[in-house]
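Proteins get letters first, then strands, A, B, ... in listed order; numbering begins at 1 in each.
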Number of protein chains: 2
Amino acid sequence: MNDYIHKLKEHNLKVTPQRLGILSIIQKSGHISIEELYVAVRRDFSTISLATLYKNINFMVEVNLLKEVKIPNGKSKYEIVKEEHSHMICKKCSKLEDLELSLQSVVQTASKKSGYLFDDNALVLSGICPQCQ
Amino acid sequence: MNDYIHKLKEHNLKVTPQRLGILSIIQKSGHISIEELYVAVRRDFSTISLATLYKNINFMVEVNLLKEVKIPNGKSKYEIVKEEHSHMICKKCSKLEDLELSLQSVVQTASKKSGYLFDDNALVLSGICPQCQ
DNA sequence: TTACTAAAGGATAAAAATTATTATTAAGAT
DNA sequence: ATCTTAATAATAATTTTTATCCTTTAGTAA
């Protein structure tokens, strides 16, 4: 939980209430866009500046505390960094969910085929979720 | 080649020199960002408006003639729609390449696990290309 | 604790990216 | 060749993101 404090310090980022608030909202939501985040954060910090939000998001992405998830035909969402995983998005309800999935063999095949050395991947599967079917 | 004419007509888009020019540049480049495209198109159509470019890109994405490729930590690029494929990006030289790769078993596993019905996927592998190693 | 310093926050302006508006032009049909 | 409608160009407006600058605060050390 609040090893956010630790993680922030690790990267020489000061521990401010705003930052903890941002992280806790992202944590709770799972995935959240900038606009959604701004609305949510302002419930706790009514005077927070949009610039502060952007600056912090950018910092935290740089130090690998947050990850940007680029959504096909949609706006980016942000999540707390954890184990590597993929994503699924429902084309009807737009829900975004994590998906634990081994891509090892795929990546290995790709590497053999291309000669690239891969150390990261981003997979988003699009379709219809069970509830919307 | 110039079944762009056909494809445009198919979707009730008029065949204009600008549109053919845009498509031919994207085709030649493989993948291209809006800014790069604007610069390139203006070599052939010096007076083309940026708004025209955006509108056409949006139209063509809607009718499935073009596809937006969202790049981790980078700006989107556009490509001509063809068979389903993945992408690789080099973190050093930023080169983006196509990669033919079967994701069938991965998608199947994902579907079984989640209950989603998937009909699309976007995979970008990041690493170092052979030339940059 | 208190005081200091450097980083962070807030307000705002500026820049960059995208979309909307409107008059003119040109594609495609008759 | 003419007509109608969609596309283009120019531009304004909007949206998104970043930069600036002054004030506040976190973290450190007396």
Let me have the donor-acceptor pairs involving side chains of residues 7-14 of chain A, under 3.5 Å, with sequence neighbours excluded, atom names and distances please.
unit_1, atom_1, unit_2, atom_2, d
E10(A), OE2, H6(A), NE2, 3.4
H11(A), ND1, K7(A), O, 2.9
H11(A), NE2, V63(A), O, 3.2

Which atom pairs, donor and acceptor, lie under 3.5 Å between side-chain atoms of residues 80-96 of chain B and protein residues at least two apart or in another chain?
unit_1, atom_1, unit_2, atom_2, d
K82(B), NZ, D98(B), OD2, 2.4
E84(B), OE2, N121(B), ND2, 2.9
H85(B), ND1, E83(B), O, 2.8
H85(B), NE2, E79(B), OE1, 3.3
H85(B), NE2, E79(B), OE2, 3.2
H85(B), NE2, H87(B), NE2, 3.2
H85(B), NE2, D98(B), OD1, 3.2
H87(B), NE2, H31(B), NE2, 3.4
H87(B), NE2, E79(B), OE1, 2.9
H87(B), NE2, D98(B), OD1, 3.2
K91(B), NZ, D119(A), OD1, 2.9
K91(B), NZ, D119(A), OD2, 3.2
K95(B), NZ, Q131(B), OE1, 2.7

| task | Could you tell me whether the side chain of V124(B) reaches within less than 4.5 Å of the side chain of I71(B), counting heavy atoms only? | result | no
Mind listing the N/O atom pairs, protein and nucleotides 3-6 of chain C, below 3.5 Å?
none

| Would a hydrophobic clustering, with Ile, Leu, Val, Met, Phe, Trp and Tyr connected at side-chain separations under 4.5 Å, put Y78(B) with V39(B)? | no
| chain B on DNA chain D: first and last contacting nucleotide, 5' to 3', under 4.0 Å to a heavy atom? | dT5(D) to dT11(D)
Output a table of donor-acceptor pairs, distance under 3.5 Å, between side-chain atoms of residues 103-113 of chain B and any protein atom two or more places apart or on a different chain; print 'none' if there are none.
unit_1, atom_1, unit_2, atom_2, d
T109(B), OG1, S105(B), O, 2.8
S111(B), OG, Y116(B), O, 2.5
K113(B), NZ, E100(A), O, 2.5

| So, K28(B) side chain and L23(B) main chain: donor-acceptor pair closer than 3.5 Å or not? | no
| request: Applying side chain to side chain donor-acceptor pair (under 3.5 Å), name anything that partners E36(A), two or more places apart in sequence or on another chain. | output: S33(A)
| task | Kindly state which residues belonging to residues 41-55 of chain A come within less than 4.0 angstrom of DNA chain C, counting heavy atoms of the residue only, listed by number. | result | T47(A), I48(A), S49(A), A51(A), T52(A), K55(A)
| field | Residue-level proximity of residues 58-78 of chain A to DNA chain D when a heavy atom falls under 4.0 Å | value | N58(A), K75(A)
| task | Find out whether the Lys NZ or Arg CZ of R42(B) is both under 6.0 angstrom from the six-membered ring centre of Y38(B) and within 45° of the ring's axis. | result | yes
| Main-chain N/O of F45(A) paired with Q18(A) side-chain donor or acceptor, under 3.5 Å | no
| query | Quick one: are I128(A) and F118(B) in side-chain contact, heavy atoms under 4.5 Å? | reply | no
| field | Heavy atoms of other groups near N73(A) CG, more than 12 under 6.0 Å | value | no
| task | Would you mind listing every side chain to side chain donor-acceptor pair (under 3.5 Å) that reaches into residues 60-69 of chain B, with sequence neighbours excluded? | result | E68(B)-S76(B)
| note | Shortest non-hydrogen pair, L53(A) vs I22(A), comes out as CD1-CD1, 3.6 Å
| So what is the end-to-end bend of the helix from dT1(C)-dA30(D) to dT30(C)-dA1(D), with 5 pairs used at each end and the value given to 10 degrees? | 40°
| query | For the pair made of CG in L13(B) and P in dA29(C), what is the distance, rounded to whole Å? | reply | 13 Å
| message | Checking E97(B) now: which residues fulfil salt bridge (Lys or Arg N to Asp or Glu O under 4.0 Å) with it, not counting sequence neighbours? | response | none
| task | Scan residues 45-59 of chain B for pairs that pass side chain to side chain donor-acceptor pair (under 3.5 Å), counting only residues two or more places apart or in two chains. | result | R19(B)-N56(B)
| task | Please figure out whether E35(B) or R19(A) has its closest DNA chain C nucleotide nearer the 5' end. | result | R19(A)
